[in-house]
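As structure tokens, the structure follows; a few thoughts come after it.
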Protein chains: 2
Amino acid sequence: MQTDPLSAKFAALADPTRRAILARLCEGEASVNDLAAPFDMSLPAVSKHLKVLEKAGLISRGREAQWRPARLEPMGMKGIAEWLEHYRRYWDASFDRLDAYLKKIQKGDPRGPGH
Amino acid sequence: MQTDPLSAKFAALADPTRRAILARLCEGEASVNDLAAPFDMSLPAVSKHLKVLEKAGLISRGREAQWRPARLEPMGMKGIAEWLEHYRRYWDASFDRLDAYLKKIQKGDPRGPGH
DNA sequence: GCTGCTGTCAACCGTTCGGTTAAATATTGG
DNA sequence: CCAATATTTAACCGAACGGTTGACAGCAGC
């Protein structure tokens, strides 16, 4: 696992199973068994996925009797959204004409995000 | 490498070196040597990173003499942005109160919104 | 207590990842 | 053609990933 938070978040999202888990958690808290049900996968595997998501700050976990319910961490994806925002002008249609204009007048350097 | 495009994009972004390469490409096209300069890393390593980014659809490459300049693929991150948009309500401040309300009814609070 | 259910831990396994070095492949210019 | 420059390919390596199975721990109810 990477050390920097952004890499951890991207890595956590780079797995369809983990994205499906997040989608399921949009409907509310769920136990490990609930989350594992749709997958042809052992319980420890799902448990590991949850640990990856938790370390990435995308979910948090509670304790209720013998259950460890998982829930979405609301601010978890904010870092990704902010990083992505720097690149919005490259795909957003409303910036297409500006982009073309910038390319035309300066072959050299439209200053982009310096990250 | 995963087969589905979204996983490939997320995986490509889950590496600081590759994100730095993308940031550099915001300033314009660059050759492999240019891109490799800031890193304490061999040229083949950078070449591999470029291949990952290209397969993810985040950059494209041309040919000019013996150079293979890389450039940003403008629409490359649109898929990510669209996926992320589904979760916007979980972090966006303008939805904070809705979020709180949803958490309330998730926990089975018998009182409705009017009480 | 014991039983059953829930979840994690530990060890293992095959594959992929991120890097290296050395050799091969363009492509241009003299 | 030859030499120089730029880049990729091939083979290899250690570490991390995604999964398994089996043993173990926490908690409720009889």
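Residue numbers start from 1 in every chain, and the chains themselves are labelled A, B, ... in the order their sequence lines are given, proteins ahead of strands. Quantities reported herein were computed from a predicted structural model and do not represent experimental measurements.
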**Report entry** Interface with DNA chain C, restricted to residues 42-49 of chain A and to heavy atoms under 4.0 Å
**Finding:** A:Leu43, A:Pro44, A:Ser47, A:Lys48
Taking only nitrogen or oxygen atoms into account, show me every contact under 3.5 Å that the protein makes with nucleotides 27-30 of chain C, one pair per line with its distance.
residue, atom, partner, partner atom, Å
C:dT27, OP1, B:Arg63, NE, 3.0

Requested in this report: Determine: side-chain N/O of B:Arg68 to OP1/OP2 of C:dA26, distance under 4.0 Å, yes or no.
Outcome: no
Query raised in the report: Minimum heavy-atom separation for B:Asp15 to B:Thr17, with atom names?
Result: OD1-N, 2.8 Å
**Report entry** Pairs satisfying salt bridge (charged side-chain N to carboxylate O under 4.0 Å, His left out), at least one member in residues 57-69 of chain A, at least two apart
**Finding:** none
Requested in this report: Go through the structure and list residues passing side chain to side chain donor-acceptor pair (under 3.5 Å) with B:Glu29, not counting sequence neighbours.
Outcome: B:Arg71
Requested in this report: Output yes when at least one side-chain N/O atom of B:Lys51 is less than 4.0 Å from OP1 or OP2 of D:dT9, else no.
Outcome: yes
Query raised in the report: Please, which pairs that meet salt bridge (charged side-chain N to carboxylate O under 4.0 Å, His left out) have at least one residue in residues 34-50 of chain A, sequence neighbours excluded?
Result: none
Report task. Scan for ring pair (Phe, Tyr, Trp, His ring centres under 6.0 Å) pairs involving residues 3-49 of chain B, sequence neighbours excluded, and state none if there are none. Result -> B:Phe10-B:Trp83
Report summary line: Those residues at least two apart in sequence (or on a different chain) that pass side chain to side chain contact (heavy atoms under 4.5 Å, CB included) with A:Leu43 are A:Val32, A:Asn33, A:Ala36
Query - Atom-pair distance (CG on B:Leu13; P on C:dC17), nearest Å - result: 15 Å
Query - B:Arg61 vs D:dT8: side-chain N/O to OP1/OP2 distance below 4.0 Å - result: yes
Report task. Output all residues satisfying side chain to side chain contact (heavy atoms under 4.5 Å, CB included) with A:Ala81, sequence neighbours left out; order by chain, then residue number. Result -> B:Leu84, B:Trp91
Report task. Would you indicate, yes or no, if D:dT5 has its OP1 or OP2 atom less than 4.0 angstrom from a side-chain nitrogen or oxygen of B:Asn33? Result -> no
Query raised in the report: In whole angstrom, what separates B:Phe39's CZ from C:dT20's C1'?
Result: 17 Å
Requested in this report: Quick one: list whatever passes side chain to side chain donor-acceptor pair (under 3.5 Å) with B:Glu82, sequence neighbours left out.
Outcome: none
